[in-house]
Structure formats: structure tokens, C-alpha cells
Amino acid sequence: MRRISIFGLGRVGLVMAASFAKHGLKVIGIDPNPRVIEMLQKGEPPFYEPKLREYLDHALKKRTLVVTQDPTLNSSSDLAYIAVGTPSRADGGIDLSYVEKAAGMIGQSLRGAAKYQLVVIKSTVTPGTARNVVKATIQRESQKTPEIDFSVCSNPEFLREGNAIYDTEFPDRIVIGSDDLAAIRRLERFYKKFHGSKLPPVIRTDFENAELIKYANNAFLATKVSFINCIANIAELVPHADVKPIAAGIGLDKRIGPQFLNAGLGWGGSCFPKDLEAILSFSRGLGYGADLIRATVETNKKQAEKAVQFAKHFLGSLGGRHIAVLGLAFKPETDDMREAVSVPITNNLLDERATVAVWDPEAMENARQIFGSRVRYATGSSDCLEQADCCILVTEWPEFKKIRPQVYIKKMRQPFVIDGRRFLDVRIFRAAGVRVRAIGLGPES
Ligand code: UGA
């Protein structure tokens, strides 16, 4: 492929664009947001992602990446990716308007073009979208013939925020769905060239299976986390029990595997919550309730409430108490606070009339948009702890792991820490005189 366009320069599209361009491919990144384009032209990523700035810098210097608001530039590309957002509608279903718009722009740009284009949908979309929305819209707007003038493939993305560049370069597998086998082969050849000897297994399938694989993947991972959180809640009722050795014990069963068994205050982010609601809504529309996925979501909602329950159990009323919230991003190595559990936790604390100080190494700017003047924005973790009656560790940033017990003792009014991610060595903290309540830790352990 000599030229690639990418529609949507968000957390998926921009990472792909920067990664392809860093490796010498010619990429045009297209996004309607003038602020995003302006920042990118200066080499400024609009969000935090490890290595992204460096990749962007390299690509801009080598002129392998061009960013623009102009969708007509797509007409000269061989390959076009749709990586726009698919936000939730009020009923939990997904809003396909950005996908439709991107497909429309691709179609229009191809109208007068003489060359074939392979269009690949990366955005997470419910089954039927690639066939009935993307392909149909491009055909209508371009007035061209599918499989001759253009083809569509569904190629879901599995990258994790915080590891996005690595996951783009070293995916576990590549899923390609289409009704056009030649197009599947063409895309597979492209990835073969890009990944070389590191090409992972490729699943060739239909549009609808590719679309469902993405939802099944996220629903399974979220279920794994809700499952271990459920076991954590049982362990908390059992003297001497602890979810950590339990997770290690089951994780060694090859059929289960060790990942996504870290118990905590629950999952968040821009994907799990949205995708589980979307697949539930989609499934309900077909007359099936998908009870297991519903239970996964319900378990997760209750999990975040535990932070305030723990605080109240120790402090009684929270009115007038100072609470330090350490960690706001939905997970470490990102500034993303979308559906982060820190938001309901902080709101619940404020509802209980506590005063709240917050700190996160990357998410402070986003936090200001969410909490306004309702909380105190600390200048670092130590400042956040100042005069606090309780500290809630919400996100397991490595820098929080380094805070020694003496810092809590010195800074806080009373050293009481809620380990919401099970990353403290509870014994050392308790021996030093810090009271600790941790997810999944039974009494007397
Ligand atoms: C997730 C998937 O892991 C990616 O494969 C997928 O591409 C992406 O969604 C997407 O659909 O775009 P991401 O949202 O970046 O990636 O984050 P994860 O690393 O999956 O974590 C999700 C949430 O689960 C976080 O809040 C994290 O703290 C929580 N989690 C994860 C746990 O509480 N325990 C664990 O053991 C693992």
C-alpha cells in the first residue's frame, strides 16, 4: 500500500497513524476537529500515551505523516481506515453517526477517483454495521461497484490504552472479516509486510463475526475482572482469606490464565463500559437478555461503592472529613478519565459532605473539567495526603507504590489507607502503624 488514510485521530486512529508513519508508510490523518489538527501539526499529541510524542515527532520530521481536516485528500489513498468514535446513546446502544459520516466522506472522495480503495473499519461497531452501513454508504456516495472499485473489511482493534503503540506493533492476533475474500487477502498481505516475521495468527471470517469478536473479547475480559471482584468480596468475609493468592492459584490453571485477575474497585475506561452496554442493548434488541453480561456490569457498579463503604466503616460519618483520592485515570499510564471509577467515588464522597483532595500524575487537566471547584487539586501525592483522615488509592500508578508508610503517618491526620487496587504490602504498612483496608482481604489477614 503506497498511501494510507486514517479517518479519526483519537486514541486508536492517531496511534495507528503514528505507528505506520514511524515505520515509513505514507499516512494522511483526517480529523474534523481543528484543535486536534493544530496540536498535531506542532507535534503535540492531544492526549497522553507512552511513546506517542516520540513517534509523532519522527513521522512529522520525516514527512511520512500529514494531518488535515480535508477528507477529499483520501481519494489518492490505496487503503482507508475508519477509526472514529462510536459513543453510547442514551439507551446504551451505539451512535453510528460518526461512522456513517466517515463512510460518506470516503464515498464522496472516491466518486471521481479512478483507483480501487480498500476501506477498513477499525471502530467498534455492532454486527451488521460494516455490511449495512459502511459498505452501503460508500456504494451510494461513490456510485462505484463493491469488490471492483472498492472493498470493505472489518478489522477490530484490541489495543490497550497505555500500551497502545506496543499493541499496534505486536498484536496477539489480527481479525479480518469481509464478504470479499480478495480484500481479506489484500489486507492480510499488508499486515504481513508491516509485521514481517512477527505476524500474529490471522483470523479470516465474515463481517458479523469480526464485529462480534470485538464485543466478546471485551465482555470476557470485563467478566473476568468482575468475577475476581466477586471472589474478593467473598474473601473479605472469611477470616484470614486474601484474594491475591486465590487469583494466583486459579491463574496458574492454563485454562484460566493469570491476566485480568487483579481485584480492585472495578473497571472503567472508554471501552468496557460502552461496549458492554452496546452488546447488551444489541442483544436485547434481538430478544435475548444476556444475563451474564448484565451481571458483569452490575457487579462492577457495586464494586466502586466499596471505597466509600470502607471509609464510612472506619470513620463513621464522612461529613467534614478530609479524604485524599490518589489516582483518577481509569488505569495507570493514561490521562483518560472516561468512566473512571474515581468519578463516582469522588462524587459519593462529596455527597457524604466530605472534603476531597485529588491527585493523579497525568489526569489533573481532565479532572478539572469533571470536578470543577468541588475538590482540592493537590500538587503531588504528598500534598494530597496533607491532613487527610483517609486516603483512597484508586489507580495503581507506580509512583504510589513508592510512598512509604512514614509519609502517610507524617502527612495524614490519621494514617488510614484504603488499597483499592491491592498493590500495597499490607503487612509492612500495618507493622509501621498505618491502618489499611484492602479489597479482597478478609478480617485478621
Ligand atoms: C480494553 C481492552 O483490554 C483492549 O483489548 C481493547 O482494545 C480496548 O479495551 C478497546 O476496546 O478499545 P483498555 O480500555 O485500554 O483496553 O483497558 P484495560 O487494560 O483492558 O483495562 C480496563 C479496565 O479494567 C481498567 O479500569 C483496569 O483498571 C481494569 N482492570 C483490568 C482490573 O480492574 N483488573 C484487571 O486485572 C485488569
Side-chain angles (χ1 to χ4, degrees), residues 8 10-16 47-50 83-88 94 122-126 155-168 170-175 211-232 243-244 246-248 250-251 256-279 296-297 299-301 303-304 306-307 327-345 360 363 393-397 400 419-423 439-440:
R11 291 185 185 255
V12 171
L14 181 56
V15 168
M16 282 172 50
F47 50 84
Y48 173 70
E49 179 65 43
V84 296
T86 48
S88 287
I94 61 165
K122 271 274 166 202
S123 310
T124 301
V125 292
T126 40
N155 174 215
E157 182 52 60
F158 301 100
L159 63 79
R160 296 160 294 172
E161 285 183 27
N163 289 282
I165 300 255
Y166 177 88
D167 288 346
T168 303
F170 303 100
D172 289 349
R173 71 334 206 157
I174 292 171
V175 175
E211 291 162 328
L212 262 176
I213 285 171
K214 169 71 191 191
Y215 283 105
N217 210 86
N218 275 356
F220 187 83
L221 290 172
T223 302
K224 211 172 167 190
V225 178
S226 281
F227 171 81
I228 199 65
N229 285 340
C230 167
I231 299 296
V243 71
K244 282 189 90 163
I246 300 170
I250 65 171
I256 296 177
Q259 294 191 46
F260 278 68
L261 287 179
N262 297 325
L265 288 168
W267 40 265
S270 65
C271 305
F272 284 6
K274 169 175 81 80
D275 291 355
L276 269 69
E277 287 300 341
I279 196 64
T296 292
V297 172
T299 302
N300 195 55
K301 280 187 185 143
Q303 199 63 15
K306 299 195 64 160
L328 301 168
F330 83 97
K331 66 174 190 177
E333 302 305 335
T334 179
D335 59 354
D336 197 344
M337 283 186 66
R338 285 175 292 174
E339 301 290 327
V341 296
S342 63
V343 179
I345 289 171
D360 186 282
L393 288 163
V394 180
T395 314
E396 66 278 33
W397 280 99
F400 300 156
D419 181 357
R421 294 290 169 189
R422 289 310 307 273
F423 72 144
I439 294 287

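Remember, it's 1-based here, ligands and their atoms both numbered in the order they're listed. Starting from 1, each residue takes its place in the sequence as its number.
Residue nearest to atom 21 (O) of ligand 1, selected from Glu396, Arg421, Gln259, Lys331: Lys331 (by heavy-atom distance). Evaluated by nearest non-hydrogen atom to atom 14 (O) of ligand 1, the leading choice among Phe272, Tyr215, Phe330 is Phe330. When the heavy-atom distances from atom 20 (O) of ligand 1 to Phe158, Trp267, Phe260 are ranked, the shortest goes to Phe260.
Residues Ser270 and Glu161 share a closest heavy-atom pair of OG-OE2, 3.4 Å.
Atom CG of Leu328 and atom CG of Asp336 lie 12.0 Å apart (nearest 0.5 Å).
Distance alone, capped at 3.5 Å, places no donor-acceptor pair between the Thr296 side chain and the Ser226 backbone. Lys224 places a side-chain N or O within 3.5 Å of a backbone atom of Gln259 that can act as its donor or acceptor partner. Here the side chain of Lys214 pairs a donor or acceptor atom with the backbone of Glu157 at under 3.5 angstrom.
Here the heavy atom of the protein found nearest to atom 8 (C) of ligand 1 is Leu159 O, 3.4 Å. The single protein non-hydrogen atom nearest to atom 15 (O) of ligand 1 is Glu161 N, 2.7 Å, given as residue, atom name and distance. For atom 30 (N) of ligand 1, the closest non-hydrogen atom of the protein is Val225 CG2, 4.0 Å. Scanning all protein heavy atoms for the shortest distance to atom 3 (O) of ligand 1 gives Arg160 CG, 3.7 Å.
Ligand 1 is never approached by Gly264 to a heavy-atom distance shorter than 4.0 Å. Heavy atoms of Cys271 approach ligand 1 to within less than 4.0 angstrom.
The neighbour count for Phe220 CZ, taken as heavy atoms of other residues, nucleotides or ligands under 6.0 Å away, does not exceed 12. Surrounding CZ of Phe47 are more than 12 heavy atoms belonging to other residues, nucleotides or ligands, all under 6.0 Å away.
Contact annotation for Asn262 and ligand 1: heavy atoms of both the backbone and the side chain come within less than 4.0 Å of the ligand. Contact annotation: for Lys214 versus ligand 1, heavy atoms closer than 4.0 Å belong to the side chain alone.
For Asn218, a nitrogen or oxygen atom sits less than 3.5 Å from a nitrogen or oxygen atom of ligand 1, counting backbone and side chain alike.
The Leu261 neighbourhood of ligand 1 comprises atoms 36 (O), with distances under 4.0 Å to a heavy atom of that residue. Close approach to Asp275 involves these atoms of ligand 1, each under 4.0 Å from a residue heavy atom: 11 (O).
Side chains of Ile228 and Ile250 form a contact here, defined as non-hydrogen atoms less than 4.5 Å apart.
Note: Phe272 and Trp267 have perpendicular aromatic rings, judged against thresholds of 30 and 60 degrees for the angle between ring planes.
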